[in-house]
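These notes concern the structure reproduced below.
Numbers here simply count residues along the sequence, with the first being 1.
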Amino acid sequence: MSSSPFPNPVVAPTHVLALLDRLHEESLTQEAAIGTYLSTADGFDDLMRDKFIALDQDKCQFVYQLARAIGARNVAEVGTSFGVSTIYLALAVGSNLERSGGEGIVIGTEKESTKAEKARQYWKEAGDELVARHIDLREGNLLETLKDNVPTLDLVLIDIWAPVALPALKLLEPKMRPGAVVIIDNSISSASRYAELLAHLRSPANGYTNLTIPYSKGLEMSIKH
C-alpha cells in the first residue's frame with residue numbers, strides 16, 4: 001500500500017487500492033526507463049505502445065475528489081491508455097450514483113487494441129460491479145467514436161497526443177453542461193504543444209474560467225460557463 005503521508009480520498013476496497021498503487025509504481029518505473037531511451041533510439045511510437053504513462057497518482061486522487069465534489073455522473077476520458085485513471089473515474093461515478101441514483105457512465109477512448117484489452121483486464125481485477133460496469137470503452141479514432149451517443153457531460157479529462165486534444169474538446173463541447181469541468185494533464189511542461197488548446201480555453205469568447213494547478217508538469221482545470 002502507498003506510504004504517502006497525505007490522506008487518500010479514494011473510497012474503495014483494499015484490493016482496489018493495492019492495484020492502483022501497483023499500477024502507478026509500474027508507470028513510474030517505465031517513465032524512468034523511457035527518459036534514458038529518448039536520447040538514444042528511434043521508434044518512439046513502437047516503444048510507447050506497451051507503456052502506461054498514467055496520470056500521476058496525486059493527480060488521479062485530485063480528479064477523483066473533484067468528480068465526487070461535483071457529483072459527476074457522465075465523464076469523457078480523452079486518452080485512456082491502460083485505464084488507470086479510468087478506475088478512479090469509475091469509482092467516483094459509481095459512488096455518486098449510489099448516493100443519488102440514476103444513470104451515468106465513464107466514456108473511455110483508446111486507439112490501440114492491445115492497450116484496450118489490458119485496460120479491461122485491470123478493470124476486471126478491480127471488480128466488474130465496482131469499476132467495469134461504469135465504463136464504456138470506445139476503441140478506434142476518438143474523433144469518430146465520440147461523435148455519437150455521448151450524454152450530457154459533467155467532466156472531461158484530456159491526457160492525449162496534443163494535436164488531437166483541441167479537436168476532441170470541440171467535438172465534446174456541445175455535450176458539456178454549464179459548470180462542466182475540463183482537466184488537462186501536463187499543461188505546464190507541454191504548454192507549447194498544447195498552445196492551441198490552452199488558447200481556446202483561455203479566450204474569453206469561449207466561456208471558460210481557468211486555473212493552472214502546480215502539480216508536477218501542471219494540471220489545468222477549466223470550467224465551462
L130 versus L91, closest heavy-atom pair with distance = O-CD2, 4.2 Å
query = How close do A126 and V131 get, heavy atom to heavy atom, and via which atoms?
reply = CB-CG2, 3.7 Å
key: Check against side-chain hydrogen bond (donor to acceptor under 3.5 Å, both in side chains), D21 and Q57   = CA-CA 8 Å; D21 284 343; Q57 190 162 21; 2.8 Å; yes
message = Side chains of R73 and T152 only: does a donor on one sit below 3.5 Å from an acceptor on the other?
response = no
ask   = Is the side chain of W123 donor-acceptor paired with the backbone N or O of D128 at a distance under 3.5 Å, no angle test?
value = no
message = Looking only at side-chain N and O atoms, does N74 offer a donor or acceptor that is under 3.5 Å from a partner on E103?
response = no
query = Looking at side-chain heavy atoms only, is the closest gap between E220 and L198 below 4.5 Å?
reply = yes
query = When you check the gap from the basic side-chain N to the acidic O, do E110 and K118 get nearer than 4.0 Å?
reply = no
message = Heavy-atom count check: over 12 atoms from other residues, nucleotides or ligands less than 6.0 Å from K111 NZ?
response = no
message = Quick check for you: to the nearest 0.5 Å, what is the distance between D159 atom CG and S81 atom OG?
response = 8.5 Å
key: Worked check of side chain to side chain contact (heavy atoms under 4.5 Å, CB included) between N8 and L17   = CA-CA 10 Å; N8 182 354; L17 298 178; 4.0 Å; yes
request  = Can you measure from OH (Y122) to CG (L19) and round to the nearest 0.5 angstrom?
outcome  = 8.0 Å
inquiry  = Do M176 and V164 land in one hydrophobic cluster if side-chain heavy atoms of ILVMFWY residues count as linked below 4.5 Å?
reply    = yes
note = Shortest non-hydrogen pair, T109 vs V78, comes out as OG1-CA, 3.5 Å
request  = Give the cluster check for V150 versus V75: same hydrophobic cluster or not, with ILVMFWY residues linked at side-chain heavy-atom distances below 4.5 Å.
outcome  = no
task = With the side chain counted from C-beta on, respond yes when I183 and F62 share a heavy-atom pair under 4.5 Å apart, and no when they do not.
result = yes
Exceeds 12 heavy-atom contacts within 6.0 angstrom, atom CZ of R193 = no
remark   = For P151 and I105 the tightest heavy-atom approach is CG-CG2, 4.1 Å
request  = Nearest 0.5 Å please: distance from the CG atom of L197 over to the OG atom of S222.
outcome  = 8.0 Å
message = I need the C60 SG to L89 CG distance, nearest 0.5 Å.
response = 8.0 Å
request  = Examine L97 and L153 and state if one hydrophobic cluster contains both, with Ile, Leu, Val, Met, Phe, Trp and Tyr joined whenever side-chain heavy atoms are less than 4.5 Å apart.
outcome  = no
task = Decide yes or no on side chain to side chain contact (heavy atoms under 4.5 Å, CB included) for V181 and D154, but give the supporting numbers first.
result = CA-CA 6 Å; V181 179; D154 304 295; over 6 Å; no
message = Does either side chain, that of E139 or that of S113, offer a donor lying less than 3.5 Å from an acceptor on the other one?
response = no
request  = Please check if any side-chain donor atom of E77 sits under 3.5 Å from a side-chain acceptor atom of T80, or the reverse.
outcome  = yes
inquiry  = Can you tell me which residue among L157, L219, I160, L201 is in a side chain to side chain contact (heavy atoms under 4.5 Å, CB included) with I184?
reply    = L201
task = Could you check if a side-chain atom of V182 sits within less than 4.5 angstrom of a side-chain atom of L169, using non-hydrogen atoms only?
result = yes
Residue pair Y194 / A162: nearest heavy atoms and the distance that separates them = CE2-CA, 3.7 Å
key: Donor-acceptor pair, side chain of S100 and main chain of N96, under 3.5 angstrom   = yes
ask   = In terms of hydrophobic clusters joined by side-chain contacts under 4.5 Å, are L155 and V93 together?
value = yes
request  = Begin with the C-alpha distance, continue with both residues' side-chain angles, and end with the deciding distance and a verdict on ring pair (Phe, Tyr, Trp, His ring centres under 6.0 Å) for H24 and Y88.
outcome  = CA-CA 12 Å; H24 282 294; Y88 288 86; 5.7 Å; yes
message = Can you tell whether the side chains of R22 and E125 come within less than 4.0 Å, N to carboxylate O?
response = yes
ask   = Judged by atom type as modelled, is there a donor-acceptor pair below 3.5 Å linking the side chain of K59 to the main-chain atoms of S85?
value = no
key: Rounded distance [0.5 Å steps], CZ in F82 versus CD in E112   = 9.5 Å
query = Is it true that K217 and D185 have a side-chain N and a carboxylate O under 4.0 angstrom from each other?
reply = no
task = Report the C-alpha distance between T86 and I135 in whole Å, list the side-chain angles of each, state the deciding distance to 0.1 Å, and finish with yes or no for side chain to side chain contact (heavy atoms under 4.5 Å, CB included).
result = CA-CA 8 Å; T86 327; I135 301 170; 3.8 Å; yes
remark   = S95 and Y64 have their tightest heavy-atom pair at OG-OH, 4.3 Å
ask   = Between Y208 and E173, is any side-chain donor less than 3.5 angstrom from a side-chain acceptor?
value = yes
key: L142-L137 co-clustered via ILVMFWY side chain contacts under 4.5 Å   = no
task = Evaluate the criterion side chain to side chain contact (heavy atoms under 4.5 Å, CB included) for residue pair R138 and I107; output intermediate values, then yes/no.
result = CA-CA 7 Å; R138 301 183 182 184; I107 299 174; 3.7 Å; yes
task = Evaluate whether atom CD of E196 has more than 12 neighbouring non-hydrogen atoms of other residues, nucleotides or ligands under 6.0 angstrom away.
result = no
